[in-house]
Amino acid sequence: MVALDPEMKVFELIDAYPELLSIFSRLGITLPFGDISVEQMCRRDGYSSKLFMLICRMHIDLSYIPTSEHISEDMLGPVIGYLRATHRYYIEYMLPHTGRHLNDILEHCDELSRSMLSRFYADYVACIEEHLGDEEQRLFSNVERSETSADMCNYELDQPHSDIDDRTGDIASLIVKCLPEEAPTTLRCTMLAHIYMLRDDLRRHHNIERYLLRPLVEKFVNK
Amino acid sequence: MKRYRIAIVEPATVVGEGITAILTRCGEAEVVCCCTTLAELSSHRAIRNDIDLIFLSHTLISDVASLSEWDAIPIIVVQSGLMSSEALRRFAAVVSIYSSSEEIVRAMHEAADTPIEPSYAESHELSERERDVLILVARGFTNKEIASELNISPHTVISHRKNIVHKTGIRSVAGLTVYAVLNKLINSEQI
């Protein structure tokens, strides 16, 4: 494993961990990087390199949990900014993109499979959008308006994510097990690759909310 | 308080009656049937859907064919001799004839909470009863309503649902509904 260091070149970081590319994309960090370091890139684009590296670390290693030493109160605003950007990334890119791959498969399927899977996916997207919207309204906006309430600390993050995780897995199971033979394997595999990518990203997102956002919100409320 | 409905299959009368006494005394279980062989248990077909847990003598665990009939129900093995841990791994819990009353009651709770591994038949096909439960889940019935409709206990419904999830790999009710329709278990008009 290549050690993460703000002094490393941006290209070295991407080359070692290509799965981090989507972070650049969702934060709107523009290419080219030339030969600049992560520190220089963060300074250029107005991000904290400490937080950027922390988010990278949590993306690379799902089991990594930051301790209080890694978290400082001034991270709250930027973390919410990152989470909002991730929500947009899901809603504007990942979900429609995955939906298009599903439609490609369904074009080869019978009417019943088409209607059932389309409806299931539409409900799935609606469920994610509802959760993300609720989170933005009840949690992020209150923090941004500096309004505190005990409800913010008790805001349920885990159950909605668990439900979404179940449904994400269900899409994969249905595509593998239930679609008729006419659905081409190549299209199925492409769709599955996307759905697993989405599942893993949602799990990382949940981890960032659970282990980074929640302690920051608790500090904010108890200040 | 939840009362588990128990079947005991134990050739040694003194052991069977001892477990019956312990379970009855704890107030959380009702022994609905105490047999000495699996064949005798199979003859009680009428109560099959009414049993939450089975206490089974370790001397009978090699009868895989007979056990496959009961793969939707958690089994607690009653050990009276040495057994390899590998042979016991597929069961929900294990107690010994030297276990205390508390240990036996605890094992009953553990077994009730353990998802069933369909290892006997090594099959991922849904059983007839699991299909019945799946259809009702897809039609929007609650566990209580399914139990009432199929005349089984809510705990048995939960066991069937765990098996359905394990076998289909699908966890959400919406996903199970799609599964049921695409596998022609139910018409899309029925949901």
Side-chain angles (χ1 to χ4, degrees), chain A residues 95 98-99 102-103 105-131 158-183 188-189 191-192 195-196 198-200 202-203 206, chain B residues 71-72 113-119 121-144 146 154 157-191:
Chain A
L95 292 167
T98 309
L102 177 63
N103 287 338
I105 302 175
L106 295 180
E107 276 178 21
H108 298 267
C109 299
D110 56 275
E111 176 54 33
L112 183 65
S113 305
R114 219 165 25 234
S115 68
M116 292 304 295
L117 263 297
S118 295
R119 200 195 314 169
F120 183 77
Y121 191 74
D123 289 347
Y124 167 73
V125 171
C127 165
I128 294 181
E129 287 180 347
E130 187 188 341
H131 167 62
D158 297 340
Q159 189 57 48
H161 277 277
S162 168
D163 294 343
I164 289 169
D165 196 63
D166 284 352
R167 286 196 190 208
T168 315
D170 289 354
I171 296 172
S173 291
L174 290 167
I175 287 172
V176 170
K177 297 180 182 181
C178 293
L179 286 189
E181 284 177 14
E182 292 73 33
R188 274 193 224 225
C189 291
M191 167 68 189
L192 287 168
I195 204 74
Y196 285 124
L198 176 61
R199 181 197 65 181
D200 291 349
L202 285 163
R203 286 179 179 174
H206 180 209
Chain B
D71 64 0
D113 292 336
T114 305
I116 306 297
E117 300 276 342
S119 51
E122 295 189 338
S123 160
H124 278 64
E125 290 280 308
L126 296 178
S127 69
E128 198 176 323
R129 187 50 103 187
E130 286 160 358
R131 280 199 293 273
D132 294 340
V133 171
L134 174 58
I135 288 166
L136 295 174
V137 169
R139 289 175 57 194
F141 282 51
T142 63
N143 285 347
K144 207 172 160 189
I146 294 170
V157 175
I158 292 167
S159 288
H160 285 307
R161 287 189 70 156
K162 284 176 184 168
N163 284 350
I164 292 166
V165 167
H166 180 87
K167 290 180 178 180
T168 61
I170 296 172
R171 296 185 167 277
S172 69
V173 171
L176 289 169
T177 305
V178 176
Y179 181 92
V181 172
L182 295 186
N183 283 284
K184 317 277 187 242
L185 298 174
I186 185 174
N187 288 326
S188 55
E189 292 81 36
Q190 290 177 272
I191 54 178

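Here is how names work: the chains are called A, B, and so on, in the same order as the sequence lines, proteins then strands, and each is numbered from 1. Just so it is clear, the structure is predicted and the values come from calculations on it, not from any experiment.
- In this structure, SG in A:C109 is found 9.0 Å from CG in B:L182, a value given to the nearest 0.5 Å.
- The side-chain heavy atoms of B:S172 and A:D163, taken from C-beta on, include no pair separated by under 4.5 Å.
- Within a 6.0 Å radius of CD in A:E129, other residues, nucleotides and ligands contribute more than 12 heavy atoms.
- Of all non-hydrogen atoms in B:I170 and A:D170, the two that sit nearest each other are CA-OD1, 3.2 Å.
- Looking at every heavy atom in both residues, B:R171 comes nearest to A:D166 through CD-OD1, 3.1 Å.
- Here the straight-line distance linking atom CG of A:L112 with atom CG of B:N187 works out to 9.0 Å at 0.5 Å rounding.
- By the 6.0 Å contact criterion, CD on A:E111 is enclosed, its count of non-hydrogen atoms from other residues, nucleotides or ligands being greater than 12.
- When every heavy atom of B:G169 is checked against every heavy atom of A:S173, the shortest pair comes out as O-OG, 2.8 Å.
- Summarising the geometry of B:Y179 relative to A:C178, their closest heavy-atom pair is CD1-SG, 3.4 Å, with the distance given to 0.1 Å.
- For the pair A:K177 and B:K167, the tightest heavy-atom approach, listed with the atom from each and the gap, is NZ-O, 3.6 Å.
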